[in-house]
Amino acid sequence: MLQVAFIRENKDHVLKGLAKRNFTDASKKIEEVLTTDENRKTIQTELENILAESNKLSKEIGLLFKSGEQQKATLLKEKTGQLKESSKQLNEQLATAQNDLDNLLYQIPNIPNTLVPEGKGEEDNEEIFSEGDIPELHDKALPHWELAKKYDIIDFELGNKITGAGFPVYKGKGAKLQRALINYFLDKNTDAGYQEVQVPLMVNEASGFGTGQLPDKEGQMYHVTGDNLYLIPTAEVPVTNMYRDVLLKESDFPILHTGYTPCFRREAGSYGAHVRGLNRLHQFDKVEIVRIEHPNKSYDALDGMVNHVKEILQELKLPYRILRLCGADIGFTSALTYDFEVFSTAQDRWLEISSVSNFETFQANRLKLRFKNEDGKSELAHTLNGSSLALPRVLAGILENYQTENGIEIPEVLQKYTGFNTID
RNA sequence: GGAGAGGUGGCCGAGUGGUUUAAGGCGUACGCUUGGAAAGCGUAUUUAUGAGAAAUUGUAACAAGGGUUCGAAUCCCUUUCUCUCCGCCA
């Protein structure tokens, strides 16, 4: 969530940013925010004056009682009674104004970085890099869901029976390949300085709110109503929330974490060929990297994360490209996002396998994640995160791109983790 | 899940209705002292937000939320977390 002070002081910049996102009625919304905030301030000042007055009187009454001047005290009591009445009213008004303001602010997305291209949809995302040869597959090449069946390594029907669509069962070498990928990713990340953490897979409301899933996007998460908890849609939520309500020192930067978790997403409304096989699941595994950075360093950190993910894909020898998401496609909370897509040769399409973003202070403001700067003042930190990587689509990419007529080769870098070189 | 006891500042710990943002201690910072260090002495040491050029100052916060009262860390209610005992359990 943006800070009102920021909106007030950078109105033009905010409006331009919202225009890039094709945000409708931006200037109307922003005006509404500002007037609501002014209103809130006026009420608050008035309330505080009344409270100051009544605090003063209360002290006097206390002194009068002590010195036995009951009558005078009783007189003053009547006065405070009136003050109390008006402070009650003002309090209600203040709560309403604050609530109105919050509701407005929740609707306003993060302001995109200047690098973010204009655009109307995902077709306007800017490809900034691509690498890896797209293999020439043999005539009988199959999409991964058929390979999975042929070699009996992923069973989608079994998942349907146990839970429902989107909850596959990985078997034998499929399960082992998945575990190998997780270990490989975690090792790469910890080697690069990210501290490994294991975090809860369910979070409370405050955490969902902190990273921006709540209040608007609760439909994407599974809600455990009995205990009012949510299954995490990504490790970003619990990992970033480790730093909710935290006041850091400058020397604490940079903070780097990596964590492996299953992720749960309802994906309501998705259907068709795009959700076939491993393309889109309700439960999937992901290794995440999260950084908390000084505002001056966050864009260097973002580049560092992009390069890190690049290195992993190079080692896996998968054909991939990097997109800089345009204003229409970038997430609500992000200021700049790079998507990594791996080419799924047998499907002839790109699959998103990582999304690396800088949220600047957008999450930190909600999280109350601050640090003491050189002047001794507290300032919001920057939060960043990215996938390194999302497992199912990497798996799909490997199965499809590494298939031969005799079986599926295992990328060399993974062989020491799997203990086998082919699936056949 | 049942019964009981608790939650106070960076930490320990006092405080059961009235100049208490909160004694005392520890820690930390600065100064004095010292050849240097320790000890000692002195000073400082929460956050958010409003006003002010600044010194300063208003308001709020003693787990969270609500209530009683002129006045709440202190009394009442709800929620939550921790500890002890019992139950269940990988």
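Computed from a predicted structure; not experimentally measured. Per chain, numbering begins at 1; letters A, B, ... match sequence-line order. In what follows, every heavy atom counts, from backbone to side chain, and hydrogens, waters and symmetry copies are set aside.
- Every residue meeting the side chain to side chain donor-acceptor pair (under 3.5 Å) condition with A:S355, not counting sequence neighbours, appears here in chain and number order: A:D339.
- When the P atom is compared between B:rG40 and B:rA53, the two are found 45 Å apart, to the nearest whole Å.
- Scored by the side chain to side chain donor-acceptor pair (under 3.5 Å) test, A:Y184 finds A:E315 as partners (sequence neighbours excluded).
- Atom CG in A:L248 sits about 15 Å away from atom C1' in B:rG10, given to the nearest Å.
- The distance from atom CD of A:E205 to atom P of B:rA64 is 18 Å, rounded to the nearest whole Å.
- For the P atom pair drawn from B:rA23 and B:rG9, the interatomic distance equals 13 Å after rounding to whole Å.
- B:rC76 and B:rG4 have their P atoms separated by 16 Å, with the value rounded to a whole Å.
- For A:L51 and B:rC70, the CG to P distance is 16 Å, given to the nearest whole Å.
- Taking the six-membered ring wherever Trp is involved, the centroid distance between the rings of A:Y243 and A:H257 falls below 6.0 Å.
- For the P atoms, the distance from B:rA60 to B:rU74 is 15 Å, rounded to whole Å.
- The same atom, C1', is picked in B:rU82 and in B:rU45; the two are 29 Å apart, to the nearest Å.
- Between A:F340 and A:Y320, the ring planes lie parallel to each other; the angle is under 30°, not in the 30° to 60° tilted range.
- B:rA63 and B:rA72: their P atoms are spaced 15 Å apart (whole Å).
- B:rA60 is paired with B:rU47 under the Watson-Crick or G-U wobble criterion, all donor-acceptor distances under 3.5 Å.
- Base pairing of B:rA55: no nucleotide in any strand meets the Watson-Crick or G-U wobble criterion (both distances under 3.5 Å).
- Across all strands, A:T80 comes closer than 4.0 Å only to sugar-phosphate atoms, never to a base (heavy-atom distances).
- Residues of residues 92-100 of chain A that place a heavy atom closer than 4.0 Å to RNA chain B do not occur.
- Nucleotide B:rA90 has no partner under the Watson-Crick or G-U criteria, as no pair reaches both atom distances under 3.5 Å.
- Between A:F264 and A:H282, the gap from one ring centroid to the other reaches at least 6.0 Å.
- A distance below 6.0 Å separates the ring centres of A:F371 and A:F253.
- To the nearest angstrom, C1' of B:rA63 lies 13 Å from CG of A:D245.
- Between the P atom of B:rU59 and the CD atom of A:E53 lies a distance of 11 Å, rounded to the nearest Å.
- Residue-level contact check: A:I61 touches the bases, meaning some heavy atom is under 4.0 Å from a base atom.
- Comparing the C1' positions of B:rG31 and B:rU46 gives a spacing of 23 Å, expressed to the nearest Å.
- Within a 6.0 Å radius of CE in A:M242, more than 12 heavy atoms belonging to other residues, nucleotides or ligands are found.
- A straight line from CG of A:D227 to C1' of B:rU80 spans 13 Å, rounded to a whole angstrom.
- Annotation: A:H308 is in aromatic contact with A:Y194 [ring centroid separation under 6.0 Å].
- Listed by chain and residue number, A:R8, A:R40 satisfy the side chain to side chain donor-acceptor pair (under 3.5 Å) test with A:D37 (two or more places apart in sequence, or in another chain).
- Judged by distance alone, with hydrogens and angles left aside, the side-chain atoms of A:N385 form no donor-acceptor pair with the main-chain N or O of A:I289 at under 3.5 Å.
- Closest-nucleotide positions on RNA chain B for A:K59 and A:N49 were compared, and the one nearer the 5' end corresponds to A:K59.
- Pairing of B:rA22, defined by two Watson-Crick or G-U wobble distances under 3.5 Å, is not identified with any nucleotide.
- The ring pair (Phe, Tyr, Trp, His ring centres under 6.0 Å) pairs that include a residue from residues 202-239 of chain A are A:Y106-A:F209, A:H223-A:Y230, where partners are two or more places apart or lie in different chains.
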With B for base contact, S for sugar-phosphate-only contact and - for none (protein heavy atoms under 4.0 Å), nucleotides 45-56 of chain B reads --SS--------
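- Both distances falling under 3.5 Å, in either a Watson-Crick or a G-U wobble arrangement, place B:rC75 opposite B:rG67.
- Nucleotide B:rG42 forms a Watson-Crick or G-U wobble pair with B:rC30, both donor-acceptor distances falling under 3.5 Å.
- Comparing the same atom, C1', in B:rU8 and in B:rA22 gives a spacing of 9 Å after rounding to whole Å.
- Nucleotide B:rU20 holds its P atom 14 Å from the CG atom of A:N55, rounded to whole Å.
- Taking a pair to require two hydrogen-bonding distances under 3.5 Å in either a Watson-Crick or a G-U wobble arrangement, B:rA3 pairs with B:rU84.
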